[in-house]
Amino acid sequence: MSFLIDSSIMITSQILFFGFGWLFFMRQLFKDYEVRQYVVQVIFSVTFAFSCTMFELIIFEILKVLNSSSRYFHWKMNLCVILLILVFMVPFYIGYFIVSNIRLLHRQRLLFSCLLWLTFMYFFWKLGDPFPILSPKHGILSIEQLISRVGVIGVTLMALLSGFGAVNCPYTYMSYFLRNVTDADILALERRLLQTMDMIISKKKRMAMTRRTMFQKGEVHNKPSGFWGMIKSVTASAPGSENLTLIQQEVDALEELSRQLFLETADLYATKERIEYSKTFKGKYFNFLGYFFSIYCVWKIFMATINIVFDRVGKTDPVTRGIEITVNYLGIQFDVKFWSQHISFILVGIIIVTSIRGLLITLTKFFYAISSSKSSNVIVLLLAQIMGMYFVSSVLLIRMSMPLEYRTIITEVLGELQFNFYHRWFDVIFLVSALSSILFLYLAHKQAPEKPEPEPELELGLEPP
Amino acid sequence: MASLDRVKVLVLGDSGVGKSSLVHLLCQNQVLGNPSWTVGCSVDVRVHDYKEGTPEEKTYYIELWDVGGSVGSASSVKSTRAVFYNSVNGIILVHDLTNKKSSQNLYRWSLEALNRDLVPTGVLVTNGDYDREQFADNQIPLLVIGTKLDQIHETKRHEVLTRTAFLAEDFNAEEINLDCTNPRYLAAGSSNAVKLSRFFDKVIEKRYFLREGNQIPGFPDRKRFGGGTLKSLHYD
């Protein structure tokens, strides 16, 4: 009886998460596109729902809600479904949509997407070999095998994102790094941009007029086609078309310049907006936070280095350690069991919420930056895949932040994984990612021009119109 | 050779609808073989005979400014794009017939270019809801072009074309539906070519023959950061 009640609670919450994922997809991700294939939306919402259910089960574990056996059952079921989605469904659909975009293979879509999926499975399997992830006494298709590989990919992703985020966050928040941009700078750059456009236009006018006179005289501008065409064009080519190719080359160079100028101008506008934002209250608040974050990031990088160098993996979680410190050093006595439960609930809850929110925001930004109307389906499915793997690995890693009595359920459900390996791997990738982000941001900061340089070569190169 | 008069026409629309292919087709009478992302703005020039076939025939250059990007871009990108919208004589709005969102976004595109979304407080009042009155006193000729016609199945064609007819009516503009990979849609003498020619003639007329004073009435001064108006940097 209690099992039925528990199951109905779980299912209701899953439907709620599904609805939330659906809304997020429609309102945020796809707000500029038309949803033509509902399969994509369903898959995304289902992945999101099952991932959130895993977190919900952790919270229930800490708060001791629901029956213990029904929790265990739901864990197992949830895990199976998520693995099914991440390893079978999403990669297959990614392959299917990629193949649909290529016109040549349109006829045998199913065949080629199956082939792609098999290739994916092969590489996925090979991924587990170099890592000492689990003991060899498990079967081929067991949960442990799949989870271990999904875990590796997910942990790598998490560490990469954390490393970059840890460095990028103070860089964006703190106004110390903002370059000084004045209106005059922007106007000067815009003037250069428009001058370049004018030069492009005058050359294109020449080309258009040349083409028109050639057309009227009866010469048709033949592009060299085929072998004989190329030979012919070497020996005898009309002066008009020679001229055209010369001008076309100049135009190409100018167009490249105009693109650079456009991007630089957009960058200056963005910096200017950030300067204005930093003068507001919110901006000042974030600037202050930025200083805190930078200290926190330096500390994290330091800790990661220590962990790797001294080859230690933290044995106790922060909650128990904090309680130990308060009880032993500060002499404050309180009901350890009661408080440890509540504090770990709050801590784990904060970690979960911030990581979900952070991931969704990053995914949205990424999606806006790189998607187009053709590739939006593929990209959303890739994002769903990343999201699922990210959440599964969070469950793996969150085990470290929980007191011992709550870790058992994760250890039981996920089987005999070498959890220590994952933490070590996370530290390594985090360190690598943070250091390379520092290098990358330093280079990018250095390269940005402070003032627009004088343009002697352009002034000399102006031709009479 | 460049002593002919010129007019400037913007080509606006969501990314991926086919603006670059369209501009290439209009200016070089050839299909664009390898379309790629347009960063910033790419310009091409078409030589047009105003009032072709009559004694008053005169040749003009029509500059087609193909502005890339999406309507939901960051505001810094929008501010940068705004520098291309100065002294515009005509606007071609391009949408994808297979994608309804791109047609809906045309309202936002036209508002961005006509600069009607700035009110004195600087707060965006319109949230995409269309108000026909805003286009009532618009003096800049518009043309609506729908692309990828070949990808619409025969059975759905009527429904799609009715929808686009309403769209064109909202803008008080002519509409052309074509496929940018097939030059026969704009073959000389076809109704599409005639509409195109009429549109360009209208743009030239508004620019050179119906001027009252220096500026086209109804075109608001652009308010930039700091309140100053940007001087026109073109040779006029």
Side-chain angles (χ1 to χ4, degrees), chain A residues 30-36 182-184 186-187 189-191 193-198 200-213 215 221 223 251 254-256 258-274 276 368-369 371-376 464-465, chain B residues 1-4 6 8 14-17 27-30 37-49 59 61-65 68-84 86 96 98-105 224-226 228 230-235:
Chain A
F30 253 50
K31 66 178 165 111
D32 283 334
Y33 299 104
E34 195 182 332
V35 181
R36 228 105 43 83
T182 61
D183 276 346
I186 298 185
L187 275 180
L189 208 59
E190 279 182 348
R191 203 172 52 214
L193 179 60
L194 286 176
Q195 272 176 358
T196 317
M197 301 303 294
D198 278 340
I200 296 178
I201 289 178
S202 62
K203 291 199 196 298
K204 291 234 165 161
K205 283 178 186 169
R206 278 239 298 265
M207 281 171 63
M209 202 40 114
T210 320
R211 270 199 295 264
R212 189 172 142 109
T213 42
F215 183 70
H221 182 215
K223 285 211 197 76
V251 164
L254 282 175
E255 280 185 337
E256 185 58 44
S258 78
R259 280 192 279 268
Q260 294 283 5
L261 288 173
F262 181 82
L263 290 175
E264 274 179 34
T265 318
D267 205 29
L268 283 190
Y269 268 117
T271 315
K272 184 169 173 181
E273 276 173 22
R274 274 178 55 196
E276 283 183 10
Y368 285 160
S371 82
S372 72
S373 46
K374 272 188 101 173
S375 60
S376 54
Chain B
M1 269 304 169
S3 56
L4 294 179
R6 50 179 278 294
K8 173 173 168 181
D14 279 351
S15 52
V17 296
C27 298
Q28 306 193 15
N29 286 317
Q30 275 176 349
W37 284 101
T38 317
V39 174
C41 172
S42 87
V43 194
D44 214 341
V45 173
R46 178 180 162 109
V47 183
H48 178 74
D49 294 315
T59 319
Y61 282 125
I62 303 195
E63 299 167 8
L64 291 167
W65 292 57
S70 74
V71 85
S73 294
S75 60
S76 61
V77 176
K78 283 194 185 170
S79 315
T80 326
R81 273 208 299 253
V83 79
F84 300 126
N86 284 324
D96 184 350
T98 60
N99 183 355
K100 256 190 249 180
K101 264 284 163 68
S102 67
S103 323
Q104 288 165 4
N105 283 338
R224 313 300 299 268
F225 291 112
L230 189 67
K231 289 198 295 199
S232 168
L233 297 167
H234 285 291
Y235 314 110

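Just so it is clear, the structure is predicted and the values come from calculations on it, not from any experiment. Letters A, B, ... mirror the listed sequences (proteins, then strands); counts begin at 1.
- Between A:Arg211 and B:Cys27 the shortest heavy-atom distance is NH2-O, 4.3 Å.
- Note: A:Glu255 CD to B:Cys41 SG = 9.5 Å, rounded to the nearest 0.5 Å.
- The shortest distance between side-chain heavy atoms of A:Lys204 and B:Tyr61 does not fall below 4.5 Å.
- Between the CH2 atom of B:Trp65 and the CE atom of A:Met197 there is a distance of 4.5 Å, given to the nearest 0.5 Å.
- For a residue to count as touching a neighbouring chain, one of its non-hydrogen atoms must lie under 4.5 Å from one of that chain's; by this rule A:Leu193 touches chain B with the side chain only.
- Residues meeting the side chain to side chain donor-acceptor pair (under 3.5 Å) test with B:Ser103, sequence neighbours left out: B:His95, B:Arg163.
- The two residues A:Ile201 and B:Val45 have their closest heavy-atom pair at O-CG2, 4.0 Å.
- Distance check: B:Ser76 OG to A:Lys272 NZ gives 12.5 Å after rounding to the nearest 0.5 Å.
- From A:Leu261, atom CG reaches atom OG1 of B:Thr80 across 11.5 Å, with rounding to the nearest 0.5 Å.
- Taking each heavy atom of B:Val47 and A:Ala208 in turn, the nearest pair found is CG2-CB, 3.7 Å.
- Residues B:Thr59 and A:Arg212 meet the side-chain proximity criterion, which asks for heavy atoms closer than 4.5 Å.
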